[in-house]
Peer 1: 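Let me give you the structure first, and then I'll get to my questions.
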Amino acid sequence: MKLMRYGAKGAEKPGLIDKQGNVRDLSGVLPDITADTLAGARLAELRALDPASLPLVANPGRVAPPWRGMGKFICIGLNYADHAAESGLAVPAEPVIFMKPTSAVVGPNDPVVLPQDSVKTDWEVELGVVIGERARYVSEADAMKHVAGYCIVNDVSEREYQIERGGTWDKGKGCDTFGPIGPWLATADEIPNPQDLEMWLEVNGKRFQNGSTRTMVFGVAQLVAYVSRFMTLYPGDLISTGTPPGVGMGQKPAPVYLKSGDEMKLGIAGLGEQRQRVHAWDPALIDG
């Protein structure tokens with residue numbers, strides 16, 4: 001099952017993608033897709049619906065983040081050995097955890113707005129793991145029982161803020177619009193093996209990232225179990241699992257960073273595609 005939301009900011013409606021790729025309106029079944037919707041029992045109820053019985057949405061317009069009410073936006077750093085190498089950093093012995101604020105979350109095709117004075121904003125295609133059942137000190141063997149599904153994340157990152165401004169990575173990761181997610185949340189049954197998904201990212205039509213979740217250092221089950229040792233995970237929490245090589249910071253002979261007018265396009269097998277236009281600082285694009 002593929003769940004999505006559509007409509008203008010503040011007026012989003014819940015939807016479902018049928019087998020033909022059409023959007024079906026779920027608003028007669030539930031008012032919105034929220035963190036509570038992602039618990040196992042509620043997902044089972046939705047899975048029992050006949051999509052053909054739901055109204056067809058001919059023109060859904062804006063695609064919104066797939067669910068509302070994300071509590072935590074957790075990210076894993078350096079989780080692909082070849083990306084660690086291009087960053088000039090060692091492969092970590094344990095997962096590196098940092099956080100994005102939920103205020104960074106935008107829809108998959110919403111504008112990405114450069115922060116004021118940004119000079120090193122970068123891209124990162126990542127597999128997002130969405131929690132569906134509370135997880136606290138879960139074992140790796142049981143970890144997947146707590147996963148509701150998966151989505152695409154673009155972990156947009158301002159490298160000067162992240163690396164050169166002191167402190168932790170969060171400064172460069174948490175700017176407004178730096179967390180596009182979607183276009184849909186594919187429930188776990190749609191993705192039987194999250195460790196075998198092709199992923200890619202292009203900027204202005206040039207392919208920069210071309211990877212696979214096969215090369216993760218720490219897999220999905222390991223990450224859910226590990227993170228649950230340090231914080232309780234709740235339905236709607238998101239773990240973004242790291243990026244393969246090909247980020248702008250790692251380009252040779254010189255880094256390549258995003259500028260106003262650039263277009264990013266990215267995708268993961270079974271999870272759709274995102275497309276974002278990059279804009280100079282304009283708060284109206286964030287708040288509108």
Side-chain angles (χ1 to χ4, degrees), residues 1-7 9-57 60 62-74 102 105-108 127-139 141-153 179-194 197 220-221 223-225 227-228 231-241 268 270-272:
M1 182 170 57
K2 297 182 177 75
L3 298 174
M4 57 91 70
R5 296 165 70 242
Y6 61 96
K9 290 182 180 179
E12 293 91 344
K13 293 183 177 181
L16 179 151
I17 309 292
D18 66 20
K19 294 295 185 182
Q20 291 72 44
N22 301 311
V23 177
R24 298 284 179 166
D25 182 12
L26 274 173
S27 57
V29 179
L30 73 170
D32 201 354
I33 298 170
T34 68
D36 291 339
T37 311
L38 304 180
R42 191 65 176 119
L43 284 183
E45 292 174 8
L46 294 177
R47 199 175 286 112
L49 294 172
D50 176 8
S53 69
L54 302 171
L56 184 66
V57 183
R62 171 182 176 261
V63 180
W67 74 100
R68 178 174 59 81
M70 181 190 303
K72 294 190 284 295
F73 193 154
I74 304 154
T102 57
V105 173
V106 291
L127 173 67
V129 179
V130 187
I131 300 300
E133 299 289 343
R134 192 181 78 163
R136 178 185 292 156
Y137 290 103
V138 301
S139 68
D142 288 336
M144 302 303 282
K145 298 175 184 176
H146 300 265
V147 173
Y150 305 92
C151 64
I152 303 172
V153 177
I181 60 172
W184 57 69
L185 183 158
T187 52
D189 56 296
E190 293 269 342
I191 307 292
N193 183 6
L197 301 176
V220 171
L223 291 173
V224 172
V227 174
S228 78
M231 62 193 82
T232 301
L233 298 171
Y234 293 95
D237 287 350
L238 175 65
I239 302 175
S240 196
T241 57
I268 298 179
L271 297 177

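Being a predicted model, the structure only gives us computed values, none of them experimental. Along the sequence shown, the residues carry numbers beginning at 1.
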Peer 1: Under 4.5 Å between any side-chain heavy atoms of T232 and R134, yes or no?
Peer 2: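 When only atoms from C-beta onward are counted, R134 and T232 do touch, with a gap below 4.5 Å.
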Peer 1: Would you indicate whether the side-chain heavy atoms of R42 and L30 approach each other to under 4.5 Å?
Peer 2: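 Result yes, sub-4.5 Å side-chain heavy-atom pair found.
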Peer 1: Would you check if T241 and P194 make a side-chain contact, meaning some heavy-atom pair closer than 4.5 Å?
Peer 2: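 They are not in contact (no side-chain heavy atoms under 4.5 Å apart), so the answer is no.
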Peer 1: What distance separates L38 CG from D237 CG, expressed to the nearest 0.5 Å?
Peer 2: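 Answer for the CG-CG pair, L38 versus D237, is 10.0 Å.
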Peer 1: Apply salt bridge (charged side-chain N to carboxylate O under 4.0 Å, His left out) to D25 and list each qualifying residue two or more places apart in sequence or on a separate chain.
Peer 2: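 So D25 forms no salt bridge (charged side-chain N to carboxylate O under 4.0 Å, His left out) with any residue.
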Peer 1: Tell me every residue that passes salt bridge (charged side-chain N to carboxylate O under 4.0 Å, His left out) with D36, counting only those two or more places apart in sequence or in another chain.
Peer 2: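 Partners of D36 under the salt bridge (charged side-chain N to carboxylate O under 4.0 Å, His left out) test: none.
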Peer 1: Quick one: does L238's side chain get under 4.5 Å of I131's, heavy atoms only?
Peer 2: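 A side-chain contact is absent here, since even the closest heavy-atom pair is not under 4.5 Å.
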Peer 1: Any side-chain heavy atom of L233 within less than 4.5 Å of one from V138?
Peer 2: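 Counting from C-beta outward, L233 and V138 never come under 4.5 Å.
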Peer 1: Which pairs, with at least one residue in residues 180-189 and sequence neighbours excluded, count as a salt bridge (charged side-chain N to carboxylate O under 4.0 Å, His left out)?
Peer 2: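 Of all non-adjacent pairs touching residues 180-189, those that pass salt bridge (charged side-chain N to carboxylate O under 4.0 Å, His left out) are R47-D189.
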Peer 1: Is the shortest heavy-atom distance from the side chain of L54 to the side chain of V29 under 4.5 Å?
Peer 2: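 SC-SC contact between L54 and V29 confirmed.
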Peer 1: Rounded to the nearest 0.5 Å, what separates atom CZ in R24 from atom CG in D50?
Peer 2: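 That separation rounds to 8.5 Å.
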Peer 1: When you compare the side chain of P14 with that of L3, does any pair of heavy atoms fall below 4.5 Å?
Peer 2: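 SC-SC contact between L3 and P14 ruled out.
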Peer 1: Does the side chain of T37 come within less than 4.5 Å of W67's, by heavy atoms?
Peer 2: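 Not touching, per the 4.5 Å side-chain cut-off.
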Peer 1: Out of curiosity, D32 CG to E12 CD, how far, rounded to the nearest 0.5 Å?
Peer 2: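 Reported value, rounded in 0.5 Å steps: 7.0 Å.
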Peer 1: Passes salt bridge (Lys or Arg N to Asp or Glu O under 4.0 Å), K145 versus E133? Steps please.
Peer 2: CA-CA 8 Å; K145 298 175 184 176; E133 299 289 343; over 6 Å; no
Peer 1: If I take atom CD1 from residue I152 and atom OG from residue S240, how far apart are they, to the nearest 0.5 angstrom?
Peer 2: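 So the gap between those two atoms works out to 11.0 Å.
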